[in-house]
**Q** 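The structure under discussion is supplied below as structure tokens; questions concerning it will follow.
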Amino acid sequence: MKAVIFDLWDTLVEWPVAEAEVLKNGLAKLVTVDPGEFERRWHEGYRASQTGPLADSYRLLGVPAEHIDAHVAARHAFARKSLRLREGARDTLTELRDRGLKLGLITVCSEEVPAAWPESELSGLFDAETFSSETGLIKPDSEIYLTTARALGVDPVDAMFVGDGANDELDGAARVGMTPVLFVPRGEPQWSGLVDWSGLRIAALDEVLRLV
């Protein structure tokens, strides 16, 4: 391997479920539709929310115009608070770099993540970062992996991708020739489609070191 590429949420950084749910519920209270319709809009607009402006996504949800700026600001504050490396992540990244491997990041995220990134503790740790909200690309589209490999200056077959498996990201990595590794910190995959995963898996980030 010449490079290791990581997923962000629930891999390097734990997704703050409770805080995210509070933000979502705040939006739902402003949208004058029944809960089922709100959920339909929420899921239908997922890709747009991860590849374009949050204000546009909230507008499509039905959030009144006078509340949009405040909720976009709340999401940005959420990112500034949430971008904290999980235990062991920094040491693993440092060791990989010391071994001469390139480090990459691919994340499906909305605009607040790259906005908060420069001031976060993750800034400067990677040789290439690919944010879906900036590129318009999303996992498992092949181009999001190929773009990152090109930025790292490596062939996809020389790169390992490590993630919790959301967004079909592992199969997406495999389709371009990367070696996918399932991260299961709780012992079992959190996504139902991965129950029968037969590829590489790790339960702690430092286990990557024995795979490269």
**Q** Might you work through the side chain to side chain donor-acceptor pair (under 3.5 Å) test for T147 and T130, ending with a clear yes or no?
**A** CA-CA 8 Å; T147 293; T130 304; over 6 Å; no
**Q** Above 12 or not: heavy atoms from other molecules or residues under 6.0 Å from CG of D196?
**A**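 Not more than 12 within 6.0 Å, no.
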**Q** Heavy-atom distance under 4.5 Å between the side chains of F6 and L93, does that happen here?
**A**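 Result yes, sub-4.5 Å side-chain heavy-atom pair found.
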**Q** Quick check: do S57 and Y46 have side-chain heavy atoms less than 4.5 Å from each other?
**A**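 Answer no - side chains too far apart.
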**Q** Under the side-chain contact (heavy atoms from CB on, under 4.5 Å) rule, collect the residues that match up with D127, sequence neighbours excluded.
**A**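 So D127 forms a side-chain contact (heavy atoms from CB on, under 4.5 Å) with R97, K102, L103, L152.
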**Q** Can you confirm whether L122 sits close enough to L8 that some side-chain heavy atom of one is under 4.5 Å from a side-chain heavy atom of the other?
**A**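 The answer is yes; the side chains approach within 4.5 Å.
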**Q** Working note: E112 + K81, criterion salt bridge (charged side-chain N to carboxylate O under 4.0 Å, His left out); need CA distance, chi angles, decisive distance, verdict.
**A** CA-CA 11 Å; E112 76 277 5; K81 179 182 177 182; over 6 Å; no
**Q** Measure from the side-chain N and O atoms of T11 to the backbone N and O of D164, and report whether any donor-acceptor pair falls under 3.5 Å.
**A**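 Confirmed, T11 side chain pairs with D164 backbone.
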**Q** If we check side chain to side chain contact (heavy atoms under 4.5 Å, CB included) with V162, which of these qualifies: I5, L12, L211, I202?
**A**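 So the option named by the test is I202.
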**Q** For L23, enumerate each residue passing the side-chain contact (heavy atoms from CB on, under 4.5 Å) test, keeping only those at least two apart in sequence or located in another chain.
**A**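 Scan of L23 (side-chain contact (heavy atoms from CB on, under 4.5 Å), adjacent residues dropped) gives A74, R75, F78.
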**Q** Could you give all pairs that pass the ring-ring contact (aromatic ring centres under 6.0 Å, His included) test and reach residues 151-170, with sequence neighbours left out?
**A**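 Found Y145-F161.
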**Q** Taking K139 first and then D171, would you say they form a salt bridge - that is, a charged N and a carboxylate O separated by under 4.0 Å?
**A**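 Salt bridge absent between K139 and D171.
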**Q** Give the minimum heavy-atom separation between R41 and L60, together with the two atoms involved.
**A**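 In terms of heavy atoms, the two residues are closest at CD-O, 4.3 Å.
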**Q** Could you see if L54 belongs to whatever hydrophobic cluster contains L61? Use Ile, Leu, Val, Met, Phe, Trp, Tyr and a side-chain cutoff under 4.5 Å.
**A**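 Yes, it is one cluster - the side chains of L54 and L61 are joined through contacts under 4.5 Å.
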**Q** State yes or no: do V154 and V4 share one hydrophobic cluster built from I, L, V, M, F, W and Y residues joined by side-chain heavy-atom distances below 4.5 Å, directly or via other members?
**A**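 No, it is not one cluster - the side chains of V154 and V4 are not joined through contacts under 4.5 Å.
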**Q** Stepwise, does the side-chain contact (heavy atoms from CB on, under 4.5 Å) test hold for V13 with R86?
**A** CA-CA 5 Å; V13 175; R86 110 172 19 249; over 6 Å; no
**Q** What is the distance from atom CD1 of I138 to atom CG of D168, rounded to the nearest 0.5 Å?
**A**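 Taking CD1 in I138 and CG in D168, the distance rounds to 11.5 Å.
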**Q** Applying ring-ring contact (aromatic ring centres under 6.0 Å, His included) as the test, list every pair that has at least one member in residues 106-139; sequence neighbours left out.
**A**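 ring-ring contact (aromatic ring centres under 6.0 Å, His included) check on residues 106-139 returns W117-F131.
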**Q** Just to verify, what does E95 make a salt bridge (charged side-chain N to carboxylate O under 4.0 Å, His left out) with, not counting sequence neighbours?
**A**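 E95 satisfies salt bridge (charged side-chain N to carboxylate O under 4.0 Å, His left out) with R99 once adjacent residues are dropped.
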**Q** Test side-chain contact (heavy atoms from CB on, under 4.5 Å) on W15 and S82 and set out the steps.
**A** CA-CA 8 Å; W15 175 251; S82 302; over 6 Å; no
**Q** Which pairs with one or both residues in residues 58-69 pass side-chain hydrogen bond (donor to acceptor under 3.5 Å, both in side chains), sequence neighbours excluded?
**A**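 Sorted pair list: D56-R59.
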**Q** Let me confirm one number: the CD-OG1 distance from Q50 to T135, rounded to the nearest 0.5 Å.
**A**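 The CD atom of Q50 sits 11.0 Å away from the OG1 atom of T135.
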**Q** Side chains of S132 and V108: does their closest heavy-atom pair fall under 4.5 Å?
**A**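 When only atoms from C-beta onward are counted, V108 and S132 do touch, with a gap below 4.5 Å.
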**Q** Is there a path of hydrophobic side-chain contacts, each under 4.5 Å between heavy atoms of I/L/V/M/F/W/Y residues, joining L105 to L209?
**A**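 Yes; tracing contacts between hydrophobic side chains, which count when under 4.5 Å, links both residues.
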**Q** Hey, does E169 have a side-chain heavy atom less than 4.5 Å from the side chain of P140?
**A**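 They are not in side-chain contact.
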**Q** Out of curiosity, I106 CD1 to T148 OG1, how far, rounded to the nearest 0.5 Å?
**A**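 Output value for this atom pair is 3.5 Å.
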**Q** Checking E143 now: which residues fulfil salt bridge (charged side-chain N to carboxylate O under 4.0 Å, His left out) with it, not counting sequence neighbours?
**A**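 Listed in chain order: R150.
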**Q** What about V63 and V33, same hydrophobic cluster or not, with Ile/Leu/Val/Met/Phe/Trp/Tyr joined at side-chain heavy-atom distances under 4.5 Å?
**A**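 V63 and V33: one cluster.
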**Q** Please output the side-chain donor-acceptor pairs of residues 178-189 that fall under 3.5 Å, not counting sequence neighbours, one pair per line with the distance.
**A**
none

**Q** Using side-chain heavy atoms (C-beta onward) and a distance below 4.5 Å, is T51 in contact with L137?
**A**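 No, side chains not in contact.
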**Q** So do the side chains of Q190 and D10 get within less than 4.5 Å of each other, counting heavy atoms only?
**A**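 When only atoms from C-beta onward are counted, D10 and Q190 do touch, with a gap below 4.5 Å.
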**Q** Looking at R40 and E37, does any basic side-chain N land under 4.0 Å from a carboxylate oxygen?
**A**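 Salt bridge between R40 and E37, a charged N being under 4.0 Å from a carboxylate O: yes.
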**Q** Examine W9 and V17 and state if one hydrophobic cluster contains both, with Ile, Leu, Val, Met, Phe, Trp and Tyr joined whenever side-chain heavy atoms are less than 4.5 Å apart.
**A**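 In one cluster: yes.
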**Q** How many angstroms lie between atom CG of L205 and atom CZ of R90, to the nearest 0.5 angstrom?
**A**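 Atom-to-atom, L205:CG and R90:CZ are 13.0 Å apart.
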**Q** Could you tell me which residues satisfy side-chain contact (heavy atoms from CB on, under 4.5 Å) with R84, sequence neighbours excluded, listed by chain and number?
**A**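 R84 satisfies side-chain contact (heavy atoms from CB on, under 4.5 Å) with E121 once adjacent residues are dropped.
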**Q** Do S110 and S133 have a side chain donor and acceptor closer than 3.5 Å?
**A**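 Their side chains do not contain a donor-acceptor pair, so the 3.5 Å distance test is not met.
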**Q** Looking at residues at least two apart in the chain, or sitting in another chain, which of them share a salt bridge (charged side-chain N to carboxylate O under 4.0 Å, His left out) with E111?
**A**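 Once residues adjacent in sequence are excluded, E111 has no partner under the salt bridge (charged side-chain N to carboxylate O under 4.0 Å, His left out) criterion.
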**Q** According to ring-ring contact (aromatic ring centres under 6.0 Å, His included), who are the partners of F38, at least two apart in sequence or on a separate chain?
**A**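 Partners of F38 by the ring-ring contact (aromatic ring centres under 6.0 Å, His included) criterion, ordered by chain and then number, come out as W42.
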**Q** Scan residues 191-210 for pairs that pass ring-ring contact (aromatic ring centres under 6.0 Å, His included), counting only residues two or more places apart or in two chains.
**A**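 Counting only pairs at least two positions apart or across chains, no ring-ring contact (aromatic ring centres under 6.0 Å, His included) contact touches residues 191-210.
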**Q** At their closest point, which heavy atom of R47 faces which heavy atom of G136, and how far apart are they?
**A**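 That would be NH2-O, 4.2 Å.
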